[in-house]
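In the text below, chain A, chain B and the rest are named by the order of the sequence lines, each starting its count at 1. The shown structure was predicted, so the numbers you read here are calculated from the model rather than taken from an experiment.
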Amino acid sequence: MQDYLNGLNEQQREAVLTTDGPLMIVAGAGSGKTKVLTTRIAHLMAKGVDAFNILALTFTNKAAAEMKERIEKILGNNEARNLYIGTFHSVFARILRAEAHRLGYPNSFTIYDSEDSKSVIKAVVREMNLDEKHYKPNIVLGRISQAKNALVGPLEYKNDFQLQQEDMRSSRPAIAEIYKAYASRCFKNGAMDFDDLLLKMYELLNTFPEVLSRFQHKFKYILIDEYQDTNPVQYQITKLLAAANENICVVGDDAQSIYSFRGATIENILQFKNDYDDVKVVKLEQNYRSTKKILHVANTVININKGQIPKELWTDNLEGEKIRVVRSMTDNDEGKFVADTISEEELRNHFNHGDFAILYRTNAQSRAMEESLRRRGIPYRIFGGLSFYQRKEIKDFIAYLRVISNTRDEEALKRIINYPVRGIGKTSIEKALIVANEGNITFWEVLTKAAQYGFRAGALEAINKFVLMIQYFQSLLRDKNAHEVAVQVGKHTNIVKDLFNDKTTEGLARYENVQELLNSIKGWVDDQENLSQIDEDGILLDNVDNRNAQNAMSLGAYLQQITLLTDADKDEENDNVVKLMTIHAAKGLEFPVVFVVGVEESIFPSAMSINTREELEEERRLYYVAVTRAKSKLWITYANSRYKFGTVTQNDPSRFISEMPAEYVDNSYSGAGHFNVPQNNMGSAYERMNRTYTKKSDFSADSTNYNKVNSGFSAPAKKSVLPTQAPKQYTPVQKIHQPTVNFVASSPALIEAGQTIEHQKFGFGKVLSVDGASHNPIATIAFAANGEKKLMLNYAKLRIVEG
DNA sequence: TCAAAATCAATTTTT
DNA sequence: TTGATTTTGA
């Protein structure tokens, strides 16, 4: 008996050892699912199965990385690197990179992230002369995405009576047309969006029997993690791939299906038994993660849902403490409570920062938490939100690389054609786009033949220079690798220099980000050179016969993988920080102490998901996921009132709270105990005022980075909280204003009601009030020359004269 | 053509 | 309250 089987319970062992034929592992939360999956792969390899013949699909890069790492540990060698372990998206992207030409795409196709997709939709809607207010990119893209995930093409979409009815009812009848135009525009651009990576993979397998057969024989063993989250395309693809050998093992927990908005159907896991003959089902019901109390609460809540695979999780763990439900007055109090409690737990019970997680339903809720943690000087990290590669400066830079790699990429071209400014203005761009559309040629082609289309002399020259520059970069690929080319791009375009010269805080951060990007490319290139260049079956590098092609492939592969990367995938060196994330992002993770915050009706469950039973059940599953993240301590918090777009709103505590069995819940915090005494008005007014005067840069725009303790956060300069002295009599000064000689703007932090100021343009005036807004302060000012005005405080133009 | 100012729009979850 | 987008004015 191999010793990697030691330490597995009976069910887990069975799941590992059943290697042949279809297998479904129903794995409850915290039941050691990853362990089973990885042991299973290791076992297959120990039995002599070649790593090349194993395909493991996950939903996140993180899960994939974790699996690889564990397998290497078990095997004690490097064999694992030959495994195909990755997300659906990344594995398929990799395959498509070699096969896309069969579908008419360039093998160097670009992957569009949702921002690119939306931009294309916007352009299409505009061109079709549709109402942009009505056809919002988000909504349209959502609809198209749903269609793609359900394997519905533009034509089928258009011909489907019910779909058309739905679109009519929401008075968006043109979606079918937009879908069609969007798809062909992406195709023309040589680009695939996220959904295409799945859809085109399916088309590939479905259209080319020889390709299908090749991959069927390559992937003799298929494992799929989080099977409950698969959507119809993913389902069809895996079904095709598994058809020859039927060595398919799916792992999932129907109780944790929380991605239906992305097209996932829980049906896939519920029906798995009917898809193959002799499906073996193994249930993992022992939980190794949580205390008895936490588990019991989770079980009780989830059992309210109907139609699940029956299972009852149990644990040998300690009884544990009751779940604490905490009410606070406002969202800020809630944040304060959480921060205070974390400090207290650290002191009393010797927890580390890294033992805590704060989970919320929506990303917007992170703000209040962030603020309170910062005040207390507790280091934290936010997961989710914008990934590094989605930041503007990074996307701009990458757009150059995208164009070099694939000149058909119109979105990237549009980004950089006049960045940095080179005199190709809006008019010229519009014109080129129109020519491209009418002649059905690419934007790039128009640019290369600009002379034919009668641009203004200046613009023409600029365009030609631009085209030459891109071509020069392309030629560099002949004997330079992706990193060297990127460095040249930075130099030639002056992007790096410009950013370097921008000495503002944001400018500095942008400069550093670009440097980091260059480093990341370097790292990638170095890694590549260490890896074996040729896959056994030639998936990765077909037709590589010269250095040029290799460099180009390398650049393309780099671009491909970064679009599929999320922020959470970056492992940070210092992990001992409080973690903030959405519940969705927390799936698959565990923490000793968990705070679930904002557990209120209309937030959780979300107001958008209380209309049907199905939606509500999904929210409940999400709650189940949240609760089962906790190992030993669990806090559930809600606030009586919170700010929502500037206005105070009130929510009832979530129904999920009352669904928890009372004997496991500690309510003593809910009755507004000492923790909840609202701050007196002075205090909160002080806080509010301070917030008003805090510049964003003080907080560092980069919220994803580990925040330094005492990073200079504190109320800016001295500012009196006391009432200002009686307003001075206001005396008109002059009618037409001549700025004072040596006009020097005042510091933004200091503008406040009661002051007399000088505005560069409007002259002297008196500040009546300042409201809002750390980022958008607006002042009402009475000007001598032209009366009362509401102005956004453009500090460059304001000077305090008195007060 | 660009920055500043004014207006508008959004708020679920993510590969 | 924010941020993004459009309009504006030089």
Side-chain angles (χ1 to χ4, degrees), chain A residues 57-64 86-93 111-114 117 122 132-133 136-139 142 145 149 193-198 226 229-231 233-234 257-264 359-365 367 383-387 390 392 418 421-428 458-459 561 563-569 581-587 598 602-610 615 618-619 621-622 625-626 642-649 688 691-692 696 760-761 771-778 789-797:
Chain A
L57 296 170
T58 65
F59 275 80
T60 64
N61 292 303
K62 207 171 176 183
T87 64
F88 282 88
H89 293 265
S90 67
V91 168
F92 296 165
I111 298 173
Y112 277 175
D113 66 16
S114 6
S117 299
K122 223 168 157 182
E132 290 177 54
K133 296 273 149 62
K136 289 180 197 140
N138 254 328
I139 294 172
S145 172
N149 285 323
D193 65 15
F194 285 144
D195 303 314
D196 283 333
L197 293 176
L198 309 177
E226 310 281 14
D229 289 332
T230 51
N231 62 33
V233 211
Q234 291 165 322
S257 162
I258 54 174
Y259 279 104
S260 72
F261 69 92
R262 216 166 63 188
L359 308 182
Y360 34 79
R361 177 68 237 266
T362 69
N363 278 311
Q365 290 167 259
R367 204 174 290 272
F383 291 77
L386 269 197
S387 100
Q390 287 171 308
K392 193 183 166 303
N418 201 30
V421 182
R422 53 171 67 86
I424 306 178
K426 217 166 50 191
T427 336
S428 311
Q561 61 118 36
T563 9
L564 297 174
L565 236 43
T566 357
D567 222 29
D569 304 326
M581 64 186 88
T582 64
I583 300 164
H584 282 87
K587 190 157 87 144
S602 92
I603 293 181
F604 195 12
S606 155
M608 318 188 89
S609 314
I610 46 174
E615 285 173 344
E618 175 143 329
E619 293 285 308
R621 291 193 292 269
L622 194 55
V625 169
R642 68 173 62 237
Y643 277 92
K644 208 178 185 184
F645 338 126
T647 44
V648 179
T649 58
R688 246 178 292 139
R691 216 172 310 136
T692 304
K696 183 166 196 168
Q760 220 169 15
K761 184 168 153 203
D771 61 17
S774 40
H775 299 45
N776 259 1
I778 296 173
K789 268 184 183 287
K790 266 201 163 182
L791 284 187
M792 275 176 139
L793 293 186
N794 180 357
Y795 300 112
K797 296 189 172 164

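- A:Ser606 has its side chain within reach of A:Glu619: a pair of non-hydrogen atoms, C-beta onward, lies under 4.5 Å apart.
- A sub-4.0 Å separation between OP1 or OP2 of B:dA9 and a side-chain N or O of A:Asn138 is absent.
- Among the heavy atoms of the strands lying under 4.0 Å from A:Phe59 are primed sugar atoms or P, OP1, OP2 only; no base atom is included.
- Residue A:Lys392 is classed as having no contact, given no heavy-atom separation below 4.0 Å to the nucleic acid.
- With sequence neighbours excluded, the residues forming a ring pair (Phe, Tyr, Trp, His ring centres under 6.0 Å) with A:His584 are A:Tyr259, A:Phe261, listed by chain and number.
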- request: Give the dot-bracket string for DNA chain B, reading 5' to 3', where a pair is Watson-Crick or G-U wobble with both distances under 3.5 Å, ( ) marks pairs inside the strand, [ ] marks pairs crossing earlier ones, | marks a partner on another strand, and . marks unpaired.
  value: ||||||||||.....
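- As judged by a 4.0 angstrom heavy-atom cut-off over every strand, A:Asp113 is placed among residues making no nucleic acid contact.
- Residues satisfying the side-chain contact (heavy atoms from CB on, under 4.5 Å) criterion with A:Thr427, sequence neighbours excluded, are absent altogether.
- The phosphate of B:dT14 (OP1 or OP2) has no side-chain N or O of A:Thr60 nearer than 4.0 angstrom.
- With hydrogens and angles disregarded, no donor-acceptor distance shorter than 3.5 Å links the side chain of A:Thr87 to the backbone of A:Thr60.
- A:Asn363 has a side-chain polar atom (N or O) that falls below the 4.0 Å cut-off from OP1 or OP2 of B:dT13.
- The base of B:dT13 is not paired with the side chain of A:Arg262 by any donor and acceptor separated by under 3.5 Å.
- A:Phe88 does not qualify as a stacking partner of the B:dT15 base, lacking a centre-to-centre distance under 5.5 Å together with planes within 30°.
- For the OP1/OP2 pair of B:dA9 and a distance below 4.0 Å, the side-chain nitrogens and oxygens of A:Lys133 include at least one atom meeting the criterion.
- Listed by chain and number, the residues in a side-chain contact (heavy atoms from CB on, under 4.5 Å) with A:Val421 are A:Asn418 (sequence neighbours excluded).
- Not counting sequence neighbours, the partners of A:Gln390 by the side-chain contact (heavy atoms from CB on, under 4.5 Å) test are A:Asp113, A:Leu386, A:Ser387.
- Residues that satisfy the salt bridge (Lys or Arg N to Asp or Glu O under 4.0 Å) test with A:Asp229, not counting sequence neighbours, are A:Lys587.
- For the side-chain hydrogen bond (donor to acceptor under 3.5 Å, both in side chains) test, residues two or more places apart in sequence or in another chain that qualify with A:Lys392 are A:Asp396.
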Under 3.5 Å, which protein N or O atoms sit close to an N or O of nucleotides 1-3 of chain B? Give each pair with its distance.
unit_1 : atom_1 : unit_2   : atom_2 : d
B:dT1  : OP1    : A:Gly425 : N      : 3.4

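- Here A:Thr563 lies out of heavy-atom contact (under 4.0 Å) with every strand.
- Partners of A:Ser260 by side-chain hydrogen bond (donor to acceptor under 3.5 Å, both in side chains), not counting sequence neighbours, listed by chain and number: A:Glu618.
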